[in-house]
Number of protein chains: 4
Amino acid sequence: MPPIRLWSIEDFQIDPSRPLYEQFVEQIRAMIARGELEPGTRLPSVRETAASLRVNPTTVMKTYQELERLELIVTFRGQGTFVTQAEEAIRQTRMQLAKEAVRRLEETARSIGLSLEELWELSREKE
Amino acid sequence: MPPIRLWSIEDFQIDPSRPLYEQFVEQIRAMIARGELEPGTRLPSVRETAASLRVNPTTVMKTYQELERLELIVTFRGQGTFVTQAEEAIRQTRMQLAKEAVRRLEETARSIGLSLEELWELSREKE
Amino acid sequence: MPPIRLWSIEDFQIDPSRPLYEQFVEQIRAMIARGELEPGTRLPSVRETAASLRVNPTTVMKTYQELERLELIVTFRGQGTFVTQAEEAIRQTRMQLAKEAVRRLEETARSIGLSLEELWELSREKE
Amino acid sequence: MPPIRLWSIEDFQIDPSRPLYEQFVEQIRAMIARGELEPGTRLPSVRETAASLRVNPTTVMKTYQELERLELIVTFRGQGTFVTQAEEAIRQTRMQLAKEAVRRLEETARSIGLSLEELWELSREKE
DNA sequence: GTGGTCTAGACCACA
DNA sequence: GTGGTCTAGACCACG
């Protein structure tokens, strides 16, 4: 059973100034959170992924380990790595991402002394 | 002409896993953006700040130089460092911070396949 | 993948009364602007450069970071530092240097009350 | 015999990142070179100038000393400081400034691998 | 007194 | 291996 398809480096938006594995984690997590990678889907192996993304295998390994720690993927030895079947974990992730995003927005508003409404208005001004 | 007052390390919330100078820049920028540090105010000297924050002078200098590149402070040789008189630059900074914060929120919503309203609702659910 | 070749201190013309890093920036920028360092070329590592130029690694790092802010080089974490592939940025730099040089010439002419033609004539007189 | 008039800081264009005295020297030298300050004119005293420009007296002193070294002004003890009567010195200065400006232009052209004509063309392109 | 540069050397995360 | 941050301490020009 092959994985849906190999990744290409163009599937990711990379900022060279930030850790690669961190950006892979974020973007694969988003793929799972929005349902683009469905539960049970088999992911390409570490070796395959490293080759297709042209990155160091240890970078992919760190990515997968972190996603595993987040309980978004599971590895079955000898069988491969799969998106978790636990939809609850995916639901939780979506909520965490939402809460975190709003928390950051509120933190920014607080730091410049604005209410959320004022921040919103300001962000909509031109120039 | 002394600066308003020396900083204490308690004036800053420091995450030891991130670069010190980066956090100083962010938090001083916020002080200026919300008007806590008024235009024309003299900042404590590099040496004073280093002593009061218990960090190395070069760390403070890197902080000040970054704030200067952001055009939020100005250095007059031999006289010290001052919050810019150009209130326009401060206004711009507030707007940039607001726009950036909202952009990140929209980016998060997009990445998990939600509208801004849906993201907001989700962030307000309990658990 | 080694860089083209190490630098020697003889590759640079150093005026000891001016900041080292500033002169390195100017001269490496010129190498890129005139195509001597081609897009994609890997620069010698910070440590190698520091050793071959007999300067401190932090001096080289400051040089590279400044060139990075100018968008003339890009750093890939753990991989090294490379001349940007964005030839547009290089073209822009050439134009900026040209415009700036002419602007300075016009400024000098203005400051001594001459037209560009008169300045040119004057500079060609002997003694 | 009063000097023509006191200077105000608005008579000068100041870049805070460069030495003050250096900029005063350049700009007063230009005033003399273009004839705005005529030979024999009496300059305001160091003390007066420091007060009217709101700078440190030692800065003005250093400025005058440098202009004296350039033989553009002369000080008669107890009488004051005057623009030199030696028109030859002024002529020389104009020529030095012109030669130096052209030398810098040629140096820039050389550093980016262009002829003077090509540099000129490039500086005239838009964007 | 001020900031700016440079050195020497340590430690860290990342690939 | 790579660059990035931080410390400690020296020296300098400027005002």
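Throughout, protein chains are lettered first and strands after them, A, B, ... in sequence-line order, and every chain is numbered starting at 1. The analysis underlying the following values was restricted to heavy atoms, covering all of them including side chains, and did not include hydrogens, waters or symmetry mates.
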Side chain proximity check, D:Tyr64 to D:Thr75, heavy atoms < 4.5 angstrom: no

Phosphate OP1/OP2 of E:dG4 contacted by B:Gln65 side-chain N/O (<4.0 Å): yes

When rounded to whole Å, the CG to C1' distance for the pair C:Leu53 and E:dC6 reads 14 Å

Which of parallel (below 30°), tilted (30 to 60°) and perpendicular (above 60°) describes A:Phe24 and A:Phe12? perpendicular

Note, DNA chain F 5' to 3' with Watson-Crick or G-U pairs under 3.5 Å encoded as ( ), [ ], | and . gives ||||||||||||||.

Atom pair distance, as rounded to whole Å: CZ in C:Arg18 and P in F:dC14: 14 Å

I'd like a list of close polar pairs between nucleotides 8-13 of chain F and the protein, N/O only, cut-off under 3.5 Å.
unit_1 : atom_1 : unit_2  : atom_2 : d
F:dA8  : N7     : B:Asn56 : ND2    : 2.8

Nearest whole angstrom, please: distance from the C1' of E:dT2 to the CE of B:Met61. 10 Å

Rounded interatomic separation in angstrom, taking CD from A:Glu66 and C1' from E:dC14: 14 Å

Euclidean distance, C:Thr59 OG1 relative to C:Lys62 NZ, rounded to 0.5 Å: 8.0 Å

Got D:Thr84 and D:Glu71 here, is their nearest side-chain heavy-atom distance under 4.5 Å? no

Closest-nucleotide mapping onto DNA chain F: is C:Tyr64 or B:Arg54 further toward the 5' terminus? I mean the 5' end. C:Tyr64

Check this for me: does any side-chain nitrogen of one of A:Glu100 and A:Arg103 sit under 4.0 Å from a carboxylate oxygen of the other? yes

Any carboxylate oxygen within less than 4.0 angstrom of a Lys/Arg side-chain nitrogen, looking at B:Arg29 and B:Glu26? no

With a cut-off of less than 4.0 Å, is there a side-chain N or O of B:Thr59 near OP1 or OP2 of F:dT7? yes

Just the rounded figure in Å: distance from C1' of E:dG1 to CG of D:Leu20. 16 Å

In whole Å, what is the span from the CD atom of A:Gln23 to the P atom of E:dC14? 12 Å

Look at B:Thr75 and E:dT2 and indicate whether a side-chain polar atom (N or O) is within less than 4.0 Å of OP1 or OP2. no

Which whole-number value in Å describes the distance from D:Asp15 CG to F:dC14 C1'? 14 Å

Separation of E:dT2 atom P from B:Phe76 atom CZ, nearest Å, is 16 Å

Which value, rounded to the nearest 0.5 Å, describes the distance between D:Gln27 atom CD and D:Ile32 atom CD1? 12.5 Å

5' precedence on DNA chain E between B:Ser45 and C:Glu22 (nearest-nucleotide basis): B:Ser45

What class does the angle between the rings of B:Phe76 and B:Phe82 fall in, given that below 30° is parallel, 30 to 60° is tilted and above 60° is perpendicular? perpendicular

Using a strict 4.0 Å threshold on nitrogen-to-oxygen distance, state whether A:Glu107 and A:Arg104 make a salt bridge. no

